[in-house]
**Student:** 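Dropping a structure here in structure tokens format, bear with me for questions.
By convention here, the first residue in the shown sequence is residue 1.
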Amino acid sequence: ISIVFIDEIDKIRQGSEQKGGAASTNVQAELLRLIESTFYRLESRLPIGKSVCKIDISQVLFIVGGAFENLQVKHADKAVGFTTEPVATNRILTADDYISYGMMPELMGRFSYFVQLKGLKKDELRKILFNPYNGPLQQYKELLHTSTQVPCEVIEHLLNNACERHLGARGLHQQVG
């Protein structure tokens with residue numbers, strides 16, 4: 001049994017702002033062909049010739065993920081009062097929501113579960129940053145061969161930047177000017 005995780009699946013939606021809308025449709029169609037088949041024919045074109053092999057994917061679990069930016073806001077109810085936040089921000093999204101976002105209905109029909117994750121809060125990012133085993137601060141200390149403490153101002157700057165830019169845990173690794 002194997003698991004294949006495909007990240008940033010939202011980047012191949014139809015009608016995306018990126019270059020090739022037709023290319024996005026072709027990528028989704030090829031991914032659909034891969035997910036629904038038992039054996040997948042893999043072709044390799046090498047300088048010395050072409051190689052073909054069949055891969056058994058009957059025991060492969062496919063998991064996809066993506067940010068699907070603005071999907072929830074697009075389908076949420078109107079704002080009420082003096083706020084710009086939609087009322088139904090915690091609405092459970094369905095396959096129809098992803099289809100209207102530009103994903104192929106046939107592809108969305110192959111996924112049994114849809115799970116929504118919320119953005120990390122500042123306290124959660126702080127826990128990640130200070131993780132003693134593999135947190136970013138520990139990685140930097142090992143990389144620089146130092147035990148010097150990082151000033152509180154720098155830590156707060158990192159956390160605020162990651163929160164403001166909605167970068168999540170990846171934002172803790174980015175250098176900020």
Side-chain angles (χ1 to χ4, degrees), residues 2-21 23-28 31 61-104 107-108 111-177:
S2 301
I3 298 174
V4 173
F5 180 77
I6 302 170
D7 195 11
E8 299 194 17
I9 192 80
D10 56 319
K11 302 296 189 277
I12 62 167
R13 71 184 177 125
Q14 297 169 344
S16 67
E17 294 79 30
Q18 297 176 354
K19 297 175 182 175
S24 296
T25 304
N26 292 342
V27 171
Q28 285 191 58
L31 184 58
L61 171 64
F62 287 93
I63 301 174
V64 299
F68 293 93
E69 191 173 331
N70 298 325
L71 174 64
Q72 204 163 15
V73 173
K74 179 178 170 185
H75 294 285
D77 295 336
K78 293 181 180 179
V80 175
F82 296 103
T83 180
T84 59
E85 293 294 316
V87 175
T89 55
N90 60 355
R91 183 172 162 264
I92 302 298
L93 298 172
T94 64
D96 290 336
D97 294 318
Y98 294 101
I99 292 166
S100 68
Y101 188 74
M103 303 304 291
M104 285 178 57
L107 183 61
M108 291 296 100
F111 298 110
S112 305
Y113 300 100
F114 297 94
V115 178
Q116 293 168 235
L117 303 176
K118 294 182 179 174
L120 295 170
K121 305 277 189 247
K122 191 172 180 179
D123 290 339
E124 295 164 327
L125 289 171
R126 186 182 306 276
K127 287 179 185 177
I128 293 169
L129 190 63
F130 284 103
N131 186 319
Y133 299 104
N134 58 0
L137 286 183
Q138 187 64 28
Q139 292 175 10
Y140 290 137
K141 285 180 181 181
E142 288 179 22
L143 181 67
L144 300 171
H145 303 292
T146 183
S147 60
T148 306
Q149 294 291 65
V150 178
C152 292
E153 300 83 30
V154 173
I155 290 171
E156 286 303 312
H157 185 70
L158 282 170
L159 292 171
N160 289 334
N161 184 59
C163 286
E164 288 171 10
R165 296 174 61 199
H166 304 286
L167 298 173
R170 290 181 184 168
L172 298 174
H173 291 282
Q174 293 188 352
Q175 295 180 5
V176 182

**Student:** Only counting residues at least two apart or in another chain, list the ones meeting side chain to side chain contact (heavy atoms under 4.5 Å, CB included) with Y113.
**Tutor:** none
**Student:** By salt bridge (Lys or Arg N to Asp or Glu O under 4.0 Å), which residues pair with K127, not counting sequence neighbours?
**Tutor:** none
**Student:** Distance from I6 atom CD1 to L31 atom CG, nearest 0.5 Å?
**Tutor:** 4.5 Å
**Student:** Is any side-chain heavy atom of F68 closer than 4.5 Å to one of I9?
**Tutor:** yes
**Student:** Determine the minimum heavy-atom distance between V64 and F5, stating which atoms define it.
**Tutor:** C-CE1, 4.1 Å
**Student:** Using a 3.5 Å distance criterion without hydrogens, assess whether the side chain of D97 forms a donor-acceptor pair with backbone atoms of T94.
**Tutor:** yes
**Student:** Which salt bridge (Lys or Arg N to Asp or Glu O under 4.0 Å) pairs, counting each pair once, include a residue from residues 143-153, with sequence neighbours left out?
**Tutor:** none
**Student:** Name all residues meeting the side chain to side chain contact (heavy atoms under 4.5 Å, CB included) criterion together with A95; count only those two or more places apart in sequence or in a different chain, and write none if there are none.
**Tutor:** M108, F114
**Student:** Could you please spell out the steps behind the side chain to side chain contact (heavy atoms under 4.5 Å, CB included) verdict for F130 and I155?
**Tutor:** CA-CA 10 Å; F130 284 103; I155 290 171; 3.3 Å; yes
**Student:** Of all the heavy-atom pairs spanning L107 and Q28, show the shortest one and how long it is.
**Tutor:** CD2-OE1, 3.8 Å
**Student:** Can you give me the closest heavy-atom contact between A162 and L125, atom names plus distance?
**Tutor:** CB-CD1, 4.0 Å
**Student:** Restricting to non-hydrogen atoms, name the atom on I128 and the atom on A169 that form the minimum distance, rounded to 0.1 Å.
**Tutor:** CD1-CB, 3.9 Å
**Student:** Sequence neighbours left out, what passes salt bridge (Lys or Arg N to Asp or Glu O under 4.0 Å) with E156? Give chain and number order.
**Tutor:** K122, R126
**Student:** Could you pull out the closest heavy-atom pair between M103 and I12, with the gap in Å?
**Tutor:** CE-CG1, 4.3 Å
